[in-house]
Amino acid sequence: MDGGSVVSVKFFEGGQSGPALAQRSYRDAFSRNNTRFIHYEVTMEFPLNATRTRTIELQCVCVASDGREIFRLTLPCKVEQGYEVGIYSLGWGREKTGGWEPGSYTVKFYFSDREVASGSFRVY
C-alpha cells in the first residue's frame, strides 16, 4: 500500500467532527440510545525512508450483517516524509442519538481495489 500497512482499526463514538485523539474512548459495542456518529480510526505504519510527502486514499465500506451497504467513504491519509506512523479517522451517523439500527457491522478498507484491513462493531 504505497509502502505502508494498516496495523490497527478502532472505533469510537462522537459528534460529527469526533473527539480529539486523547479524548477517544474505543469500543466494539455501542448503545443505540447513546450513539451519534461511530468513527473509525486507522493506524498505519510507513517506512522511515519515505522520500516525499504524499496523500493516499483508503476506500471505506461499512456493511451490516444482512449484507446491506451502510456507507462508502474515502479517507484521505496524508503521509508525511520522515514519519513512521499515521493515525487517520472519519465517521458516519447523525447528530442525534438513535440513528443506528441494532446489529453487527463490518468496515472494510480498500487501497487500489484491494482489501487491506477490516474491523467490526455492534450496536445494541
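Nothing fancy with the numbering, it's 1 onward along the sequence. From a predicted model like this one, the values you see are computed outputs, not experimental measurements.
By the side-chain contact (heavy atoms from CB on, under 4.5 Å) test, I70 pairs with C62, A64, R68, W92, W100, Y105, sequence neighbours left out.
Side-chain heavy atoms closer than 4.5 Å link hydrophobic residues (I, L, V, M, F, W, Y) into clusters, and following such links, even through other members, never connects F37 to Y40.
Separating the CD atom in E57 from the NZ atom in K78 is a distance of 14.0 Å, to the nearest 0.5 Å. Rounded to the nearest 0.5 angstrom, T55 OG1 and Y88 OH are separated by 8.5 Å. Of the inter-residue distances, the one linking R122 atom CZ with S65 atom OG reads 11.5 Å to the nearest 0.5 angstrom. For the atom pair CG of L75 and CZ of F111, the computed distance is 12.5 Å after rounding to the nearest 0.5 Å. From Q59, atom CD reaches atom CD of E115 across 13.0 Å, with rounding to the nearest 0.5 Å. Interatomic distance, CG of L58 versus CE of M44, reported as 5.0 Å (0.5 Å rounding).
Counting heavy-atom neighbours within 6.0 Å of R32 CZ, excluding the residue itself, gives a total above 12.
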Go through it in stages, so that I can follow the logic: the residues are V123 and I38, the test is side chain to side chain contact (heavy atoms under 4.5 Å, CB included), and I'd like the CA-CA distance, side-chain angles, deciding distance and then a yes or no. CA-CA 10 Å; V123 176; I38 296 177; 3.9 Å; yes
Show your reasoning for whether side chain to side chain contact (heavy atoms under 4.5 Å, CB included) applies to T43 and I87. CA-CA 5 Å; T43 302; I87 299 174; 3.9 Å; yes
Working note: V107 + F121, criterion side chain to side chain contact (heavy atoms under 4.5 Å, CB included); need CA distance, chi angles, decisive distance, verdict. CA-CA 8 Å; V107 181; F121 63 89; 3.9 Å; yes
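When side chains are defined from C-beta on, F109 does not count as touching V6, because their heavy atoms never get closer than 4.5 Å.
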Which side-chain N or O atoms in residues 9-17 pair as donor and acceptor under 3.5 Å with protein atoms at least two apart or in another chain?
unit_1 : atom_1 : unit_2 : atom_2 : d
E13    : OE1    : R36    : NH2    : 3.3
E13    : OE2    : R36    : N      : 2.9
E13    : OE2    : R36    : NE     : 2.9
E13    : OE2    : R36    : NH2    : 3.4

Quick one: side chains of residues 19-27, donor-acceptor pairs under 3.5 Å with protein atoms, not counting sequence neighbours, listed by atom name and distance.
unit_1 : atom_1 : unit_2 : atom_2 : d
R24    : NE     : P19    : O      : 3.1
R24    : NH1    : E41    : OE1    : 2.6
R24    : NH2    : S89    : OG     : 3.2
Y26    : OH     : E41    : OE1    : 2.6
Y26    : OH     : E41    : OE2    : 3.2

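Scanning both residues, S120 and T106, for their nearest heavy atoms gives OG-OG1, 3.1 Å.
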